[in-house]
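Shown next, in structure tokens, is the structure this report addresses.
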Amino acid sequence: MTIDKVVIPVAGLGTRLLPATKSQPKEMLPIGRKPIVQYVVEEMIAQGLRKFLFITGRNKRSIEDHFDRDPELVNRLAEAGDQDALDEIPYEQEGVEFFYTRQSIPAGRSAPAGLGAAVGLAEEFVGREPFVVALGDTIIRSGNHAGLVKRMIAAHVKHNAACTIAVFEVEPDQVSRYGIVAPRGRIGSEFDARDVVEKPAAADAPSRFAIAARYVLHPDIFDAIRVTPPGVHGEVWLTDAIRILIKQGRTVRCVRLKPDEVRYDIGNPESYFQAFVDFALADRRYGYLIRQYIQKRLREI
Ligand code: UTP
């Protein structure tokens, strides 16, 4: 079975990053040299995924512009022999296709209806094969970009899972920010989920394993989304739809991030600043200078 489709939800309002997100998508904010969502697309291309569906929304048109083919730019860079710049736009290649659909804000609400509702819009694109969901505001940085989703796809196929989730351990005071998994059985680099809960209070959290913004899903998720009632904040949560699959006795497999796989969820100013600093420090050309600059500034304050 070849899994080559990925759904990237980018329809959220990015309220926590206002005013930067007032008229531009959170997913287009730069981290180092690139917009956040370009890292996500490059990660997916590195795992062999070729067909992208963005779930867009209000003020998200610049994402379509960014991934639109630009043969003039490519020719200009090629003629100038600027391989470095060409390497920065690896999505401009044959066989990679981008599609878009829009998640409108439902009548009576001031925000889109949630991640589950966003994924639900991908049904026609997906058809009957399993597919990947990668959140457009979360970068997974690793020494080996091809690793995580490939491991997830392998686990998904091997265990005939309905859903496979990437997970990582968070501090107890962080569990209320994430979807949290209750493990079943022995916990190794992979395990089955007994339950999943969205944003539990620290006292109610069944573990410290948080969902890390990457999923492999069987298309049966669409039936589950259809019957998922709105949950926290009145949103239809993907976590609640996955919970329905577990209740139906389906296998939900969890794959842990490796120690060198770091998740950057660019949801609030603190995580945005942290991600920017890390990527600036790792920049192949300017990282060394930025390190010197930060060291100098820290000595001064
Ligand atoms: P978040 O809940 O972190 O993003 O969704 P948000 O809603 O934009 O943020 P705040 O709370 O207003 O600050 C994670 C990802 O899912 C997408 C978002 O665009 C983001 O990339 N999303 C979220 C949707 O596509 N649709 C939704 O209804 C909600």
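One-based numbering, in listed order, for ligands and for the atoms of each.
Here's the thing with I55: none of its N/O atoms is less than 3.5 angstrom from an N/O atom of ligand 1. Any N or O atom pair closer than 3.5 Å counts here, and A11 shares at least one such pair with ligand 1. Note: no N/O pair closer than 3.5 Å links E235 and ligand 1 by distance alone. Distances between N or O atoms of L13 and those of ligand 1 include at least one value under 3.5 Å. Close N/O approach between L135 and ligand 1 is not found [any backbone or side-chain N/O within under 3.5 Å]. The N/O atoms of K60, backbone and side chain alike, include none that comes under 3.5 Å of an N/O atom in ligand 1.
Of all the atoms in ligand 1, the ones that sit under 4.0 Å from a non-hydrogen atom of R16 are 1 (P), 3 (O), 9 (O), 10 (P), 11 (O), 13 (O). Listed by atom number, the atoms of ligand 1 under 4.0 Å from E27 heavy atoms are 18 (C), 19 (O), 20 (C), 21 (O). Here is the list of ligand 1 atoms found below 4.0 Å of a heavy atom in P112: 28 (O). For ligand 1 and T15, the ligand atoms under 4.0 Å from any heavy atom of the residue are 10 (P), 12 (O), 13 (O).
Within the 4.0 Å heavy-atom criterion, the part of A118 lying near ligand 1 is the side chain and not the backbone.
Here the side chains of Y215 and I242 are in contact, with some heavy-atom distance below 4.5 Å. Counting heavy atoms from C-beta outward, I180 and S207 have side chains that approach closer than 4.5 Å.
For F279 and F273, the distance between ring centers is not under 6.0 angstrom.
Taking 4.0 Å as the cut-off, A117 does not count as a neighbour of ligand 1 on heavy-atom distance.
Cation-pi geometry between K34 and Y39 is met: under 6.0 angstrom from the ring centre, within 45 degrees of the axis. A cation-pi arrangement, defined by a distance under 6.0 Å to the six-membered ring centre and an angle within 45 degrees of its axis, is absent between K199 and Y178.
Closest to atom 22 (N) of ligand 1 among all protein heavy atoms lies G12 N, 3.6 Å. Nearest to atom 8 (O) of ligand 1 among the protein's heavy atoms is G14 N, 2.8 Å. Among all non-hydrogen protein atoms, the one lying nearest atom 26 (N) of ligand 1 is Q103 OE1, 2.7 Å. For atom 17 (C) of ligand 1, the closest non-hydrogen atom on the protein side is P9 O, 3.7 Å. Shortest contact from atom 4 (O) of ligand 1 to any protein heavy atom: K26 NZ, 3.0 Å. Among all non-hydrogen protein atoms, the one lying nearest atom 28 (O) of ligand 1 is G114 N, 2.7 Å.
Looking at L18, L115, V236 and measuring to atom 16 (O) of ligand 1, the nearest heavy atom belongs to L115. By heavy-atom distance, the residue among L17, I36, D137 lying nearest atom 15 (C) of ligand 1 is D137.
Residue Q38 is tested with E88, R33, E43, H66 for a side chain to side chain donor-acceptor pair (under 3.5 Å); the sole match is H66. Partner of F67 under the ring pair (Phe, Tyr, Trp, His ring centres under 6.0 Å) criterion, chosen from F99, F54, Y100: F54. For the salt bridge (charged side-chain N to carboxylate O under 4.0 Å, His left out) test with E261, the passing option among R151, R141, R256 is R151; the others fail.
R50 has no carboxylate O lying under 4.0 Å from a charged side-chain N of D4, or vice versa, which leaves the two without a salt bridge. Between E72 and R76 there is no salt bridge, since none of the side-chain N atoms of the basic residue sits less than 4.0 Å from a carboxylate O of the acidic one. A salt bridge links K60 with E27; the closest basic N to acidic carboxylate O contact falls under 4.0 Å. Using a cutoff of 4.0 Å between basic side-chain nitrogens and carboxylate oxygens, R285 and D84 are not scored as salt-bridged.
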